Chemist: 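Structure below; questions to follow.
This is a predicted model, so every value here is computed, not measured. Keep in mind that the numbers below use all heavy atoms, side chains included, and drop hydrogens, waters and symmetry copies.
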Amino acid sequence: MDERKYISPDLDDRYYGTGPTQPPRNRTGLLAFLLIVVIFLLGVITVLGVLNVRLFRQLQDRETLELSFATAPSEDPALPTETLPAADTAPKNAQSTITLQQVPESPANIPQEGGLSLQEIYAKSIHSVVSITASRSGGVSTGTGVILTDSGYLVTNAHVVDGARSITVQLYDDRTFPAALVGRDEISDLAVLHIECTGLTPAQFGNSDNLRVGDSVIAIGDPLGVKFRGTCTDGIVSAINRDVDVGGHTMTLIQTNAALNAGNSGGPLINAYGQVIGINTMKIGSFAEDSGVEGLGFAIPSTTMQEIVSQLIAQGYVSGRPTLGITGESLSVFYQHYYRLPAGMYITEVDRSSDAYVKGIQSGDILTRIDDVSVTNMADLKTAVGDKNVGSVVKVVVYRGGQAYEVELELTEDKG
């Protein structure tokens with residue numbers, strides 16, 4: 001039954017007798033918003049009040065200080081007690097009292113008695129410095145080199161040309177030549193290159209045994225690449241006969257604070273007489289960059305270089321370097337888990353003249369251990385055999401086809 005027909009026709013059907021039929025709106029959100037606005041405004045007023053009080057105090061202190069300066073009598077009776085003129089009384093449009101004078105030509109910088117100036121050292125040496133670009137499968141790297149002979153022999157670092165497919169040498173006069181690798185020695189980090197060019201200017205070499213800590217030196221090279229080729233930095237000999245661990249073996253080097261950066265490798269370290277007394281080889285890398293250490297550069301002494309370079313030119317290798325005759329690469333963790341293989345070095349090549357080849361070691365095998373040293377890459381292998389002699393016998397563990405085999409191998413001479 002429809003009850004609406006009993007409502008009086010004088011009343012609107014949207015209303016009860018005491019108000020609207022719709023429930024009242026909920027204004028809680030509006031009240032909360034207003035409360036937040038009030039709190040924010042109170043906070044702003046408070047902050048402005050604090051700043052105003054601080055500013056008032058600073059101004060008061062400043063006025064007190066200015067007053068004390070203006071009224072305090074001079075302790076020295078010879079000095080006037082008059083106050084300084086106010087800023088607005090200073091003369092306007094006054095001529096500047098600063099006069100720029102012509103700078104004279106800088107004097108010759110002679111680092112030690114009897115030596116050459118830095119300018120003379122650079123002029124004497126720069127024609128013997130070359131830029132080296134090595135192209136690899138993964139990209140291009142750059143370094144520096146030093147001319148050994150007028151017939152085209154050059155010296156640089158072994159790591160500059162490591163794995164290079166092609167090498168290009170750029171001379172001081174911008175001529176470029178392809179270079180052939182004559183020989184390289186990883187232990188000393190030296191390599192000899194040759195270009196088909198005559199009439200070159202060879203560097204003069206000095207005896208590094210005569211160096212003293214504190215001797216002045218300069219370095220010339222291509223820091224950060226060929227773009228900055230021919231850069232000269234100066235410093236001193238910071239230490240001599242410094243033993244530094246490099247790739248698992250110890251190198252005895254010259255330490256210098258002359259700035260060396262990537263690209264300086266293979267360049268000359270030159271004494272105050274214009275003589276090359278070292279080949280720049282390294283800078284403390286990630287450790288220095290992470291800790292902010294600078295001024296730690298190292299160079300191979302010229303006495304070491306002389307012996308190594310002579311052998312590389314004569315026979316292409318350095319006598320007495322032991323090798324297993326095995327080349328390999330790291331085995332990734334993914335391959336270890338996917339194929340269920342042990343951690344080790346994946347062998348990619350075996351020298352046919354090595355004892356390893358005679359004993360049946362072949363590419364595809366996994367080398368896991370040499371004596372008591374675990375091996376996962378070539379650096380581990382070189383560390384394990386680096387301090388041994390040619391002819392020594394080592395025990396190696398090789399994994400093949402689900403089986404591990406122990407084999408005794410004789411170290412042979414590394415002929416490059």
Side-chain angles (χ1 to χ4, degrees), residues 129-146 148 153-170 179-194 219-226 228-229 231 242-256 258-269 276 278-289 296-302 304-305 307-309 311-313 316-318 321 323 327-330 377-383 385-386 414-416:
V129 181
V130 301
S131 302
I132 297 175
T133 302
S135 299
R136 299 183 174 90
S137 57
V140 174
S141 64
T142 60
T144 310
V146 181
L148 293 171
Y153 283 101
L154 320 169
V155 62
T156 187
N157 284 152
H159 73 261
V160 170
V161 296
D162 183 27
R165 293 182 173 180
S166 64
I167 304 170
T168 302
V169 171
Q170 184 175 6
L181 178 62
V182 177
R184 59 187 297 273
D185 179 52
E186 291 186 2
I187 301 239
S188 64
D189 195 25
L190 289 171
V192 173
L193 309 178
H194 185 264
I220 301 178
D222 301 356
L224 306 182
V226 179
F228 299 106
R229 63 191 296 250
T231 296
R242 182 71 83 190
D243 290 337
V244 181
D245 184 74
V246 183
H249 61 274
T250 301
M251 298 178 65
T252 302
L253 303 172
I254 302 167
Q255 181 182 327
T256 179
L260 300 178
N261 291 282
N264 277 107
S265 294
L269 188 68
V276 177
I279 299 298
N280 300 320
T281 182
M282 64 178 296
K283 173 187 176 182
I284 299 294
S286 59
F287 171 77
E289 295 169 1
L296 284 177
F298 296 92
I300 304 165
S302 59
T304 301
M305 181 212 64
E307 178 184 354
I308 301 299
V309 164
Q311 292 195 50
L312 290 177
I313 293 177
Y317 64 92
V318 177
R321 302 290 196 227
T323 181
T327 304
E329 59 189 27
S330 299
N377 51 45
M378 287 298 296
D380 293 340
L381 186 152
K382 292 173 183 176
T383 299
V385 303
D414 186 3
K415 298 184 179 181

Chemist: Nearest 0.5 angstrom please: Asn377 CG to Glu329 CD, how far?
Modeler: 11.0 Å

Chemist: Can you name the side-chain hydrogen bond (donor to acceptor under 3.5 Å, both in side chains) partners of Thr252, sequence neighbours left out?
Modeler: Asp243

Chemist: So how far is it from Glu307 CD to Leu312 CG, rounded to the nearest 0.5 Å?
Modeler: 10.5 Å

Chemist: Could you measure the distance from the OG1 atom of Thr304 to the CE atom of Met251? Nearest 0.5 Å is fine.
Modeler: 8.0 Å

Chemist: Closest heavy-atom contact between Arg229 and Ser131?
Modeler: NE-OG, 3.2 Å

Chemist: Check whether any side-chain N or O of Asn280 sits under 3.5 Å from a backbone N or O of Gly266 as a donor-acceptor pair, and report yes or no.
Modeler: no

Chemist: Checking Ser135 now: which residues fulfil side-chain contact (heavy atoms from CB on, under 4.5 Å) with it, not counting sequence neighbours?
Modeler: Val140, Ser166

Chemist: Between Asp222 and Thr142, do the side chains contain an N or O donor and an N or O acceptor separated by less than 3.5 Å?
Modeler: no

Chemist: Mind checking what makes side-chain hydrogen bond (donor to acceptor under 3.5 Å, both in side chains) contact with Ser141, not counting sequence neighbours?
Modeler: Arg136

Chemist: Nearest 0.5 Å please: distance from the CG atom of Asp189 over to the CD1 atom of Ile308.
Modeler: 11.0 Å

Chemist: Could you check if a side-chain atom of Val244 sits within less than 4.5 angstrom of a side-chain atom of Thr250, using non-hydrogen atoms only?
Modeler: no

Chemist: List for me each residue that meets side-chain contact (heavy atoms from CB on, under 4.5 Å) alongside Tyr317, sequence neighbours excluded, and say none if there are none.
Modeler: Gln315, Ser319, Glu413, Lys415

Chemist: Applying side chain to side chain contact (heavy atoms under 4.5 Å, CB included), run through Leu190 and Val155 and close with a yes or a no.
Modeler: CA-CA 7 Å; Leu190 289 171; Val155 62; 4.1 Å; yes

Chemist: For a quick test of reading the model, state the closest non-hydrogen atom pair linking Phe228 to Thr231 and the distance between them.
Modeler: O-OG1, 2.5 Å

Chemist: Please name all residues satisfying side-chain hydrogen bond (donor to acceptor under 3.5 Å, both in side chains) with Thr144, sequence neighbours left out, ordered by chain then number.
Modeler: none

Chemist: Just do the side chain to side chain contact (heavy atoms under 4.5 Å, CB included) check on Ile187 and Val318 with the steps written out, would you?
Modeler: CA-CA 10 Å; Ile187 301 239; Val318 177; over 6 Å; no

Chemist: From the options Val182, Val146, Val130, select the one residue that forms a side-chain contact (heavy atoms from CB on, under 4.5 Å) with Leu154.
Modeler: Val130

Chemist: Heavy-atom distance under 4.5 Å between the side chains of Ile300 and Ser188, does that happen here?
Modeler: no

Chemist: Salt bridge (charged side-chain N to carboxylate O under 4.0 Å, His left out) with Asp185: which residues, sequence neighbours excluded?
Modeler: Arg321

Chemist: Once side-chain hydrogen bond (donor to acceptor under 3.5 Å, both in side chains) is applied, do any residues pair with Ser302, and if so which ones, sequence neighbours excluded?
Modeler: Ser208

Chemist: Among residues at least two apart in sequence or on other chains, which ones pass ring pair (Phe, Tyr, Trp, His ring centres under 6.0 Å) with His159?
Modeler: none

Chemist: Under the rule for side-chain contact (heavy atoms from CB on, under 4.5 Å), what residues qualify as partners of Ala164, not counting sequence neighbours?
Modeler: Ala134, Ile167

Chemist: Quick one: side-chain contact (heavy atoms from CB on, under 4.5 Å) partners of Thr256, sequence neighbours excluded?
Modeler: Val217, Ala258, Leu260, Leu269

Chemist: How long is the gap from OG1 on Thr383 to CG on Asp245, to the nearest 0.5 Å?
Modeler: 7.5 Å

Chemist: Find the distance between CD1 (Ile132) and CD (Gln170) and round it off to the nearest 0.5 Å.
Modeler: 11.5 Å

